[in-house]
Amino acid sequence: MTVDEKFGQLQQLPWTWDTGPGGGETKAVEDAARKGMLGSVFSIFGAKTTNALQKIAVEESRLGIPLVFGLDVIHGMWTNFPIPLAQAASFDPEVTAADAEVSAKEARSNGVHWTFAPMMDVTHEPRWGRIAEGSGEDPYLTSAFAAAKVRGYQGEDPKGLKAKDRIAACAKHFVAYGGAEGGRDYNTVDVSESRLRNLYLPPFKAALDAGVATVMASFNTISGVPAHANPHTLTDVLKKEWGFDGLVVSDFTGVKELIAHGFAEDGADAARLSLNAGVDMEMTSTHFVENGKKLLRAGKIEQQRLDDAVYRVLQLKFQLGLFDHPYVEETDEITEPSADARKAARAAAARSMVLLKNEKSVLPLSAKASSIAVVGPFADSADLLGTWVIPASEKKFPAVKVLDAVKKAAPKAKVTYAKGVDAAGKDTGGIGEAVAAAKAADVTVVVVGEPPAISGEAAARSDISLPGAQEKLIEAVAATGKPFVVVLVNGRPLTVGDWLAQAPAVLEAWHPGIEAGHAIADVLFGTVNPGGKLPVSFPRTVGQIPIHYNHESTGRPYDPDNKYTSKYLDLPDGPQFPFGFGLSYTDFTLGEPKLSRSSVAADALRKGDTLEVSVEVRNTGERAGDEVVQLYVHDRAASLTQPVRRLRGFRRVTLEPGKHTTVRFRLGAEDLGFWTNDSHGHFTVEAGAFDLYVGTSSAATAKTGLTVS
Ligand code: NOJ
């Protein structure tokens with residue numbers, strides 16, 4: 001390969017599906033492919049489209065190296081599953097694996113080899129729109145979901161990427177993107193080494209252990225050094241300490257943005273800094289190809305670094321089998337969701353819903369109700385797919401509406417509808433009609449929330465309550481005195497207003513995807529007993545943020561009777577709803593947690609010793625249902641202050657009424673130790689006393705003690 005051809009492999013360009021092959025910007029992509037000056041194209045799909053472009057690379061370029069095609073298949077291609085934050089609420093990694101398997105099949109058949117998912121940015125920032133794309137505030141839960149999703153896309157065997165139903169995954173965004181100050185997207189992150197390693201890095205390590213083929217750098221700075229030019233994270237940790245031999249791709253114009261960050265002087269400087277730090281492929285901006293040769297000649301980039309980057313790109317293409325099979329079978333192309341895929345998406349969505357309140361057993365609704373009013377801006381709306389949807393899929397495969405699904409679930413009921421208010425805006429003119437519908441019905445379902453466009457990338461909000469006049473609608477329905485249920489469809493935790501006290505029942509449905517209406521109806525009518533749990537704390541007000549369960553203790557922990565303790569004068573302690581919280585239509589009781597032994601030597605733990613924590617869980621109610629048993633660890637005194645609780649085990653179990661089971665967790669060094677501030681990576685397990693909490697949310701009170709000697 002010539003030096004130019006080598007740099008060509010490091011270039012990734014976007015396709016513009018609006019203009020179609022041969023038109024507008026796509027012409028530049030085709031020319032680059034023809035010249036052998038292109039390694040990858042993204043935002044492209046379709047068997048015909050990808051084959052036509054691939055043909056240019058394979059048949060017209062000097063070396064005939066195939067292109068690798070990427071696409072943001074985040075929670076579905078044609079079959080949109082619930083948003084990733086919702087999936088995390090299932091506390092069942094199989095849910096995300098199901099999404100990934102369906103996505104991989106649909107995407108690969110469309111000529112897509114590589115998805116830019118899973119996103120695994122732990123965040124304590126509900127204002128940040130991208131909280132919708134991750135698994136919430138906890139590194140342990142996020143790690144479990146990251147690993148499951150990687151396996152779902154790629155298969156268990158890393159050699160299986162050649163298969164017709166597999167795609168390469170991308171662990172993103174590396175790293176600490178979720179720490180954006182103020183929750184404003186792309187913002188600064190200043191983070192200690194210990195927090196980096198204890199909070200932000202674990203999901204990436206889990207993804208690597210699951211065999212993830214690629215990693216994407218993040219837009220943020222990390223303690224002053226942009227992630228795209230950060231040798232510590234990209235090379236020292238990722239490539240050397242962890243031995244990652246896959247491909248690191250930049251995010252969109254992340255290389256170019258080093259100039260705006262005030263870190264690189266110009267494009268050449270940006271290319272030098274980024275390539276040397278460990279980025280292998282440049283997405284969208286073109287500084288590597290434009291400046292690479294000169295930088296190499298000037299000794300500013302080493303030949304070895306260039307060859308290493310090229311090796312990683314070519315290795316991915318070999319792993320995907322592209323040298324043998326560059327094209328996709330046009331007759332195999334999947335162009336719509338199959339019945340099975342829809343079924344999986346419906347089950348996933350229902351499994352992801354969280355029952356936040358249910359007084360006087362308003363839920364489940366009776367399918368025999370004679371009249372039901374369905375009101376609110378999202379009641380008759382198909383805008384329930386959530387952030388990151390392939391534009392073509394949004395148009396062709398809109399979400400099932402709640403109104404339609406309720407009619408289907410209760411065929412004998414008189415189902416009425418009134419929008420009440422818009423999703424945004426101050427107009428309350430329609431509320432009267434909604435109130436009349438509520439008055440005339442046995443029960444009302446109020447569907448309110450966030451339009452997907454205000455969550456996801458570049459969608460930070462400073463106020464995370466229900467937008468527009470939606471709270472007024474709920475209050476007006478409440479004033480009728482008739483029973484009602486609030487269904488929330490949203491992409492982030494919301495602050496709930498005074499209406500919460502007036503609403504007998506609240507169901508958090510998130511943005512549920514293509515089968516939204518059916519899944520919501522399944523839960524409302526009790527075909528599915530809700531068992532999801534919050535993967536993120538719901539704050540009482542924005543002023544309380546950051547508020548997360550895994551915080552450290554202050555020297556003056558909250559004490560209601562002592563003013564000089566850590567608190568807000570105008571708020572009760574703690575969140576509105578804690579991490580791990582969620583109700584069911586049945587009741588569960590947990591026994592006392594038991595330990596296989598009450599002390600263990602730190603040395604033995606380091607050598608792989610483990611102990612068992614077990615607890616009995618019993619369904620004491622009258623319906624079958626799911627409970628998520630959760631285990632939290634607290635190291636009482638350590639050489640670095642530790643979170644008051646850390647999730648180290650969870651299990652979702654299904655129990656028939658009256659039945660019980662014993663849930664067992666294994667604890668080892670990984671669960672009891674932590675990373676220090678040593679930049680070379682030092683994990684320590686210290687002697688001392690630990691509290692182990694077992695329960696059904698992060699507010700669990702049942703505990704047992706463990707001594708590490
Ligand atoms: C920018 C986003 O940050 C990233 O997550 C995505 O994969 C790329 N754009 C490509 O669309």
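Residue numbers run from 1 in the order of the sequence given. Whatever order the structure lists ligands and atoms in, that order sets their numbers, starting from 1.
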Polar side chain donor-acceptor pair, Trp15 to Thr26, under 3.5 angstrom: no
Pair Arg461 + Glu450: basic N to acidic O under 4.0 Å: yes
Modelled atom types, side-chain donor and acceptor of Asn80 and Glu394, under 3.5 Å: no
Sub-4.0 Å heavy-atom contact, Trp388 with ligand 1: yes
Candidate with minimal heavy-atom separation from atom 11 (O) of ligand 1, of Thr115, Ile74, Asp72: Asp72
Protein heavy atom at shortest distance from atom 9 (N) of ligand 1: Asp251 OD1, 3.4 Å
Enclosure of Glu94 CD (heavy-atom neighbours >12, cutoff 6.0 Å): no
Asn198 side chain reached by Pro139 side chain, heavy atoms, under 4.5 Å: no
Atom indices of ligand 1, in the order listed, that fall short of 4.0 Å to a heavy atom of Lys172: 4 (C), 5 (O), 6 (C), 7 (O)
Carboxylate-amine/guanidinium proximity below 4.0 Å for Asp266 and Lys256: no
Ligand 1-proximal atoms of Glu133, by part, heavy-atom distance under 4.0 Å: neither
N or O contact, Tyr177 vs ligand 1, cut-off under 3.5 Å: no
Atoms in ligand 1 with a heavy atom of Phe116 nearer than 4.0 Å: 7 (O)
contact_flag Met119 ligand 1 heavy-atom lt 4.0 Å: no
Lys/Arg N to Asp/Glu carboxylate O, Lys149 vs Asp99, below 4.0 Å: yes
His173 N/O under 3.5 Å from ligand 1 N/O: yes
